[in-house]
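Working notes, structure below.
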2 protein chains.
Amino acid sequence: MIYNDFKKIVNISKEEISGQILEQNRDSIKIKKEKRAIENLIRIIDATLAICSKKSFQAMSIRDLSAESGMSRGALYSYFTSKEELLVLIQAQGREIANRVLCDQIAHGNGPAEKLRLGIKSHIYLSEAMQTWFYFTYIEARNLPKDEQKRAIESELQTEKIFIDIINEGIQEKVFRDENVVLAASVIKAMLQDWYLKRWKYQNRKVSVDDYADFVINVVESTLLIK
Amino acid sequence: MIYNDFKKIVNISKEEISGQILEQNRDSIKIKKEKRAIENLIRIIDATLAICSKKSFQAMSIRDLSAESGMSRGALYSYFTSKEELLVLIQAQGREIANRVLCDQIAHGNGPAEKLRLGIKSHIYLSEAMQTWFYFTYIEARNLPKDEQKRAIESELQTEKIFIDIINEGIQEKVFRDENVVLAASVIKAMLQDWYLKRWKYQNRKVSVDDYADFVINVVESTLLIK
DNA sequence: CAATAAAAAACGGACGTTCGTCTTTTTTCT
DNA sequence: AGAAAAAAGACGAACGTCCGTTTTTTATTG
C-alpha cells in the first residue's frame with residue numbers, strides 16, 4: 001500500500017463529502033442548485049479549516065470566514081443557520097468519512113497481524129491526507145454542544161474498538177501476547193493521533209509518513225507479537 | 001516511588017508557584033501585601049483551570065472568572081493587566097514547574113534503563129497530580145501570542161530531549177537496541193500525553209495511574225531493551 | 001437569438017448582545 | 001482617618017445574526 005493511493009481517495013471524496021453534507025442538511029441550506037451549493041460548501045469548509053489551523057474556531061469570526069472564503073456574511077448564512085451548526089456539520093462529516101475509509105481498508109487484511117499493520121498504516125495515511133480535518137476534529141471537539149460531544153466520544157471509542165477486536169483476535173489465535181488489550185489499543189491510538197497533532201514537529205525533522213508508520217508498527221509488534 | 005509523594009510535592013508547590021508568579025510580575029500586579037496577593041492568585045488560577053476544563057479559555061469570559069473565583073471584575077484586573085497576560089502567566093509557570101520537577105526526579109536514576117523508567121513514571125505521576133494544569137497548557141497553547149507559543153514549543157522539545165538523551169546513553173552502553181532515537185522519544189511523549197489528554201477515558205475504565213505507567217514502560221522496554 | 005421577466009444568490013449595513021477593560025465609588029483593614 | 005483593595009458600573013469595540021436591497025443566473029417569450 002502506498003500513500004499516494006490514499007491521497008486519491010481523499011481528493012475524489014471531497015465533492016462527495018460536500019454532497020453528503022448537502023443531503024443531510026437540505027432543510028437548513030437555502031441554496032437550490034446542487035452544483036452551486038456543493039462548490040461553495042467546499043469553499044466554506046476549506047476556508048474554515050485553513051483559518052482554524054492558525055487560530056481556534058471560537059476565535060474565528062464570521063467576518064474572518066467571509067474574507068477567507070470570498071463570500072459575504074449574508075451568503076454564508078445561506079449555507080448554515082449558525083456558526084455552531086457549521087462546526088457540528090464539519091465535525092460530523094469528518095468523523096463519518098474517517099470511520100468509513102478506515103473500516104474499508106482493514107477489511108482487506110488477512111489475519112490479525114496483517115490487519116493490525118493495515119489499521120495502523122491506514123489511520124496514519126488517512127490522517128496525513130486529511131491533516132487539517134483531523135486536527136480540527138480533535139482540537140475543536142470541546143467546543144461542540146453537549147449532544148454532539150457525546151457523538152464525538154463514541155466515534156473515538158469506536159475507532160479504538162477496531163483495534164481492540166484485532167488484538168483480541170490475535171491473542172485467541174496465539175500470535176499476540178496476552179497483554180492488557182484495552183491499554184494496548186489506547187496507546188496505539190495515542191501514537192496515531194500524535195502524527196496529526198504534532199505535524200509541525202515531524203515536518204521540521206523531515207520524518208516521512210512512512211517512517212512514522214513503520215516505527216509505530218515496530219513498537220506495537222515488539223509489544224504484542226510472539227516471536 | 002509512590003504516587004502520593006508526588007501529590008505532596010505539587011500541593012506544597014502551590015503557594016510556591018503563586019509566589020514565583022508574584023515575583024516575576026511584581027510590576028503588573030497591583031496588590032501590595034504579599035500574603036493577600038498569593039492567596040488570590042491561587043484562587044484566580046484554580047478558577048481559571050476549573051472553567052477551562054469545561055470550555056476553552058477564549059470562551060471563558062472575565063465575568064465567568066469573576067463568578068467562579070468570587071472576585072469582582074475590577075479586583076481581577078489588579079492581578080493581571082489583560083486576559084491574554086493571565087493565559088501567558090499560567091502557562092509559563094506551569095511549564096516551569098513541570099520541567100523542574102521532572103529533571104529533579106530523573107537525576108535520582110542510575111543508568112539509562114532506570115532513568116527511562118523513572119522519566120516515564122515521573123511524567124505520568126506529575127501529569128496526574130497536575131492534570132488540569134497539564135491539560136490547560138496543552139490545549140490552550142495555540143491561543144498564546146506568537147512569541148510565547150515559541151517558548152511553549154521549546155519546552156515541549158526540551159522534555160523530549162530528556163528522553164532522547166537517556167535513550168542515546170542506553171544505546172551507547174549497549175542496553176538499548178539501536179532504534180530511531182528521535183522517533184522513540186516522540187512516541188513515548190505521545191503515550192505520556194495521552195494520560196492527561198484522555199483522562200475521562202481512563203477514569204471511566206478505572207485504569208489506575210500505576211496500571212498505565214507500567215504498561216507504557218512495558219511497551220517502551222519491549223521496543224528498546226536488549227534481552 | 002435577443003429581450004425581458006422571474007428566480008436565486010450574494011451583498012453589506014444595522015441591531016442587539018456580550019466582551020474586555022477602564023474609571024469611579026464603596027468597603028475593608030490598620 | 002487614610003491607605004489599600006474590592007465592587008460596581010460605564011464604555012467602546014467586536015461579535016453573530018438578520019434582512020432589505022442589488023446583482024447574477026436562469027427561464028420565458030417574440
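Quick note on labels: first sequence line is chain A, next is B, and so on, each numbered from 1. Note that the coordinates shown come from a computational prediction; the quantities given were computed from them, not determined experimentally.
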Using a strict 4.0 Å threshold on nitrogen-to-oxygen distance, state whether A:Glu154 and B:Lys201 make a salt bridge. no
By nearest-nucleotide position on DNA chain D, the 5'-leaning member of A:Phe80 and B:Met71 is B:Met71
Do B:Asp194 and A:Lys189 come within less than 4.5 Å of each other through their side chains, counting heavy atoms only? no
Under 4.0 Å: is that the gap between some side-chain N or O of B:Ser72 and OP1 or OP2 of D:dA6? no
On DNA chain C, check which nucleotide each of A:Asn40 and B:Ile62 is closest to and give me the residue with the more 5' one. A:Asn40
Which of the following nucleotides, D:dG16, C:dC11, D:dA7, is nearest to the side chain of A:Ala75? C:dC11
Can you measure A:Gln58 atom CD to D:dA14 atom C1' for me and round it to whole angstrom units? 14 Å
How close or far is atom C1' of D:dA6 from atom CD1 of B:Ile29, stated in whole angstroms? 16 Å
Whole angstrom value for the distance that separates P of D:dG20 from OH of A:Tyr77: 18 Å
Check the distance between C:dG20's C1' and B:Leu87's CG and give it to me in whole angstrom. 15 Å
Taking the six-membered ring of B:Phe57, is NZ or CZ of B:Lys83 closer than 6.0 Å to its centre and within 45° of its axis? yes
How close or far is atom C1' of D:dT25 from atom CZ of A:Arg36, stated in whole angstroms? 7 Å
Taking all atoms of both residues into account, what is the closest heavy-atom pair of A:Ile217 and A:Ile120, and its distance? CG1-CG2, 3.8 Å
In whole angstrom, give the distance that lies between atom CZ of A:Arg63 and atom P of D:dT17. 11 Å
Can you check whether any acceptor in the base of D:dG16 is under 3.5 Å from a donor in the side chain of A:Arg73, or vice versa? no
Integer-rounded Å distance: D:dG2 P and B:Lys32 NZ: 17 Å
Taking CG from A:Leu76 and P from C:dA10, how many angstroms apart are they, rounded to a whole number? 9 Å
Base, sugar-phosphate or nothing for A:Tyr79? Non-hydrogen atoms, less than 4.0 Å. sugar-phosphate
Looking at A:Lys146 and A:Glu84, is any side-chain nitrogen of the basic one under 4.0 Å from a carboxylate oxygen of the acidic one? no
Answer with base, sugar-phosphate or nothing: what part of the nucleic acid does A:Ser78 contact at a heavy-atom distance below 4.0 Å? nothing
